[in-house]
Amino acid sequence: MHDLEAAVMELMWSYDHAVGVRELADDLRRNRAVAPALVAKLVNRLRRSGWLRRELVDGTYLYEPTATRREYADRLMREALASGRNAASAFVIRIPSARAVPGPIRCVPG
């Protein structure tokens, strides 16, 4: 996922309500120089990818996440594993974030 798309998702999870592109763009612009049109494009891409859903309310589309952060991370992990690339590296990325394994991680063939 693109860095800006990840920033959009982080903001989406921080809200306790569905948001429009304008509110999202205003909040993103506090830390980044980003045009509202680009935010609209990213939100629509995330919706088409299934990460966001939208509802038309009083003539404005409001968006909200379709999954929690944890479900999002799990989906990314499944996609990485299904891609056929180096599955072991995907686990190395995920395990330290859970703080489940002390010390270095080794890949053991098997």
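Heads up: numbering here begins at 1 and tracks the sequence.
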Is there a path from V57 to L24 through hydrophobic residues (I, L, V, M, F, W, Y) whose side chains come within less than 4.5 Å of each other?
no

Worked verdict on R47 versus N44 for side-chain contact (heavy atoms from CB on, under 4.5 Å)
CA-CA 5 Å; R47 184 187 58 81; N44 279 314; 3.7 Å; yes

Shortest non-hydrogen pair, L28 vs A7, comes out as CD2-CB, 4.1 Å

Using side-chain heavy atoms (C-beta onward) and a distance below 4.5 Å, is P65 in contact with R53?
no

Is the cationic atom of R54 (NZ for Lys, CZ for Arg) positioned less than 6.0 Å from the six-membered ring centroid of Y63 and within 45 degrees of its normal?
no

Take R22 and D27, measure what salt bridge (charged side-chain N to carboxylate O under 4.0 Å, His left out) needs, and give me the verdict at the end.
CA-CA 9 Å; R22 181 174 296 160; D27 289 344; over 6 Å; no

Would you check, one step at a time, whether the test side-chain contact (heavy atoms from CB on, under 4.5 Å) holds for E23 with L62?
CA-CA 10 Å; E23 180 179 356; L62 300 180; over 6 Å; no

One should read off an interatomic distance between L52 CG and E5 CD, to the nearest 0.5 angstrom, of 9.5 Å

Closest approach of V21 to P36 (non-hydrogen atoms, all atoms of both residues)
CG1-O, 3.9 Å

Minimum heavy-atom distance V8-L42, with the two atoms named:
CG2-CD1, 4.4 Å

Test: R75 cationic atom under 6.0 Å from W51 six-membered ring centre, within 45° of axis:
yes

side-chain contact (heavy atoms from CB on, under 4.5 Å) assessment of V19 paired with M12
CA-CA 8 Å; V19 296; M12 294 301 295; 3.6 Å; yes

A side-chain contact here means heavy atoms from C-beta on lying under 4.5 Å apart; do L38 and L4 qualify?
yes

Ignoring hydrogens and angles, tell me if any N or O in the side chain of S14 forms a donor-acceptor pair with the backbone of L11 under 3.5 Å.
yes

Can you name the nearest heavy-atom pair linking D26 to R29, along with the distance?
OD1-NH2, 2.6 Å

Would M9 and R69 satisfy side-chain contact (heavy atoms from CB on, under 4.5 Å), going step by step from the backbone distance to the final call?
CA-CA 9 Å; M9 290 304 298; R69 274 187 183 93; over 6 Å; no

Chi angles and distances behind the salt bridge (charged side-chain N to carboxylate O under 4.0 Å, His left out) call for R78, D74:
CA-CA 6 Å; R78 283 192 305 276; D74 290 346; 5.1 Å; no

